[in-house]
Amino acid sequence: MIISENAVVLFHYTLTDEEGNELDSSTGKDPLAYIHGHKNIIPGLEKAMEGKKSGDVMIETIEAAEAYGERQEQMIQQVPRTSFQTEDMQVGMRFEAQTPNGPVSVIVTELTDETVTVDGNHPLAGKALTFDVKIDTVREASEEELAHGHVHGKGGHQH
Ligand code: ZN
């Protein structure tokens with residue numbers, strides 16, 4: 001079958017950035033599983049998958065807007081050091097910040113004696129991403145998978 005709304009798709013991928021650095025890969029692991037048409041994966045990749053079938057390969061470069069979005073300056077904030085409970089802050093530390101819109105994963109990008117600069121942008125925001133994809137399996141989703149909104153079994157949830 002071909003990939004269309006409600007198909008379960010298992011695929012292998014290697015993800016590289018604009019400089020050709022490998023960011024992630026499923027090589028040597030289970031393929032990634034998702035249900036097509038449910039925004040389980042980034043929009044640009046989901047569009048590229050439409051109409052493909054098992055065994056198909058493709059290399060697709062997806063602009064930031066269709067991947068993890070553009071970087072947003074308002075996601076970068078300076079916070080007084082006194083608002084942290086630990087003295088032991090380091091550039092590159094990640095933690096969850098509570099915001100009015102719920103918890104956001106942030107990274108410490110700069111430190112002074114008084115302030116901590118944190119960046120809540122997704123690490124891949126603002127980047128064009130290239131996916132080297134091989135489609136492993138395309139099948140119908142079960143009723144249960146559609147009800148849960150995710151894939152069960154290989155590459156998916158084990159419950
Ligand atoms: Zn489930």
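Hydrogens, waters and symmetry mates play no part in the numbers below; they use all other heavy atoms, side chains included. Whatever order the structure lists ligands and atoms in, that order sets their numbers, starting from 1.
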Just to the nearest 10 degrees, tell me the angle at the Zn ion (ligand 1) spanned by His159 NE2 and His152 NE2.
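Result: 100°, to 10°.
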What N/O/S atom of His150 gets nearest to the Zn ion (ligand 1)?
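This turns out to be NE2.
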Verify the distance test for His148 against the Zn ion (ligand 1): any N/O/S atom under 2.8 Å, yes or no.
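Checking His148: at least one N, O or S atom is under 2.8 Å.
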Is the closest basic N to carboxylate O distance between Arg139 and Glu145 below 4.0 Å?
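Counted as a salt bridge, because a side-chain N and a carboxylate O are separated by less than 4.0 Å.
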Any salt bridge between Lys39 and Glu46, counting N to O under 4.0 Å?
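Here Lys39 does not pair with Glu46 in a salt bridge, since their nearest N and O are not under 4.0 Å apart.
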Mind checking whether Tyr13 and Phe131 have parallel, tilted or perpendicular rings, split at 30° and 60°?
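Plane angle between 30° and 60°, so tilted.
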Given Asn6 and His38, is the side chain to side chain donor-acceptor pair (under 3.5 Å) satisfied, shown in steps?
CA-CA 8 Å; Asn6 293 342; His38 290 248; 2.7 Å; yes
